[in-house]
Amino acid sequence: DELRVSVRRGLEHRRLEGELEAARDEMRALDARMRREIDDATADLRDRVAELDTANQRLQDKQAQQDTFVAMVAHELRGPLNPIINYAQIAKRPTISAETRDHYMDVIVEHAFRLNRLVDDLQTATRLSTGHFTLKREPCDLAAALGELVESFRATVHDHRFSLECPAGEVIAEVDRDR
């Protein structure tokens, strides 16, 4: 009886050792599979982080483009707006002759039309923000245009002296006068 009990215990011990070894093998396989899955997930996360970094950089670039665009629009709008304000202030002076006042009003209207064109350009903001706006080039006498600009500065900026030296006659170039 004791021999039978000992043999049974031995067999049971051997069976349990076999089950234990099988469980260990299963655990090693599970551990290896989990390590692969973790490595794959880590690689996937690295790829996603890289994609997010790229997308973030694109967003920052777009933000910089938008900031540049807003600064450009503000600069472009000030171009015609400043003479409108300055000439309107000068035209209100009681000492201005009717002829000079009419000239100032013509300048104000000219710059108001220019401002209107710039506002029209804002309606095509997507093209402007990427730098693909249309220039309306036409022949222009640069000497005359610069003369008008200098005259505008003389009338509105009294702290400085302005002069223009240019060749006699017309200096024609094909340009977008408003820009």
Side-chain angles (χ1 to χ4, degrees), residues 1-89 108-140 142 145-146 149 152-153 156-157 159-160 172-179:
D1 286 338
E2 283 183 36
L3 183 61
R4 279 187 207 156
V5 171
S6 290
V7 170
R8 253 189 255 139
R9 279 189 192 156
L11 291 173
E12 182 67 20
H13 185 59
R14 179 171 250 171
R15 186 185 64 77
L16 288 174
E17 281 180 351
E19 286 179 13
L20 183 59
E21 191 58 38
R24 285 183 185 144
D25 289 344
E26 221 177 288
M27 290 294 289
R28 282 192 278 273
L30 179 63
D31 183 55
R33 191 177 83 226
M34 288 188 69
R35 285 183 191 277
R36 279 191 308 273
E37 287 178 11
I38 289 171
D39 289 345
D40 291 346
T42 301
D44 187 46
L45 282 174
R46 281 190 190 117
D47 291 344
R48 289 183 185 200
V49 166
E51 289 172 9
L52 286 173
D53 286 344
T54 301
N56 188 33
Q57 184 60 46
R58 278 188 297 220
L59 284 173
Q60 288 175 348
D61 292 346
K62 290 293 181 185
Q63 181 66 44
Q65 279 182 337
Q66 182 179 3
D67 292 347
T68 300
F69 172 70
V70 169
M72 181 185 73
V73 168
H75 175 76
E76 288 292 323
L77 291 176
R78 275 193 196 99
L81 194 56
N82 285 335
I84 290 171
I85 293 167
N86 292 332
Y87 276 105
Q89 288 174 335
I108 289 170
V109 169
E110 176 187 332
H111 285 284
F113 278 123
R114 182 174 168 215
L115 186 59
N116 191 47
R117 178 165 168 225
L118 291 172
V119 170
D120 288 343
D121 285 347
L122 282 175
Q123 291 175 337
T124 58
T126 52
R127 288 185 7 209
L128 281 172
S129 68
T130 59
H132 294 96
F133 51 89
T134 305
L135 293 175
K136 294 181 181 176
R137 295 179 186 195
E138 51 190 35
C140 174
L142 291 181
L146 289 173
L149 186 62
S152 169
F153 285 142
T156 58
V157 180
D159 298 346
H160 300 284
I172 303 296
E174 197 165 297
V175 298
D176 185 330
R177 186 180 170 119
D178 290 337
R179 293 203 168 105

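If you read the sequence from its start, that first residue is 1, and numbering goes on from there.
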Legend entry - Verdict with supporting geometry, Gln65 and Asp61, side-chain contact (heavy atoms from CB on, under 4.5 Å): CA-CA 6 Å; Gln65 279 182 337; Asp61 292 346; 5.8 Å; no
Inset, instruction - Enter the distance from Glu110:CD to Leu115:CG here, rounded to the nearest 0.5 Å. - result: 12.5 Å
Legend entry - Distance in Å, Thr42 OG1 paired with Asp47 CG, rounded so as to fall on 0.5 Å steps: 11.0 Å
Legend entry - Inter-residue atom distance Leu52.CG - Leu45.CG, 0.5 Å rounding: 10.0 Å
Inset, instruction - Mind listing the closest non-hydrogen atom pair of Ala173 and Leu142 along with its distance? - result: CB-CD1, 3.7 Å
Legend entry - Partners passing side-chain hydrogen bond (donor to acceptor under 3.5 Å, both in side chains) against Asp53 (at least two apart in sequence or in another chain): none
Inset, instruction - Rounded to the nearest 0.5 Å, what's the gap from NE2 on His111 to CG on Leu118? Could you check? - result: 11.5 Å
Inset, instruction - Answer yes or no: is there a side-chain heavy-atom contact under 4.5 Å between Asp176 and Arg117? - result: yes
Legend entry - Pair Arg8 + Glu12: basic N to acidic O under 4.0 Å: no
Inset, instruction - Could you walk me through whether Asp39 and Arg36 pass salt bridge (charged side-chain N to carboxylate O under 4.0 Å, His left out), step by step? - result: CA-CA 5 Å; Asp39 289 345; Arg36 279 191 308 273; over 6 Å; no
Legend entry - Taking every non-hydrogen atom, the tightest pair across Pro83 and Pro80: CD-O, 3.3 Å
Inset, instruction - Sequence neighbours left out, what passes side chain to side chain contact (heavy atoms under 4.5 Å, CB included) with Ala112? Give chain and number order. - result: Ile84
Inset, instruction - Answer yes or no: does atom CZ of Arg15 have more than 12 heavy-atom neighbours from other residues, nucleotides or ligands under 6.0 Å? - result: yes
Legend entry - Partners passing salt bridge (charged side-chain N to carboxylate O under 4.0 Å, His left out) against Glu51 (at least two apart in sequence or in another chain): none
Inset, instruction - Please report the shortest heavy-atom distance between Ile172 and Pro139, naming the atom on each side. - result: CG2-CB, 4.1 Å
Legend entry - Residues forming a salt bridge (charged side-chain N to carboxylate O under 4.0 Å, His left out) with Asp67, sequence neighbours excluded: none
Legend entry - All salt bridge (charged side-chain N to carboxylate O under 4.0 Å, His left out) counterparts of Glu37, not counting sequence neighbours: Arg33
Legend entry - Salt bridge Asp1-Arg4, side-chain N to carboxylate O under 4.0 Å: yes
Sequence neighbours excluded and cut-off under 3.5 Å, please list the side-chain donor-acceptor pairs for residues 21-31, or say none.
residue : atom : partner : partner atom : Å
Glu21   : OE2  : Arg28   : NH2          : 3.1
Asp25   : OD1  : Arg28   : NH2          : 2.7
Asp31   : OD2  : Arg35   : NE           : 3.1

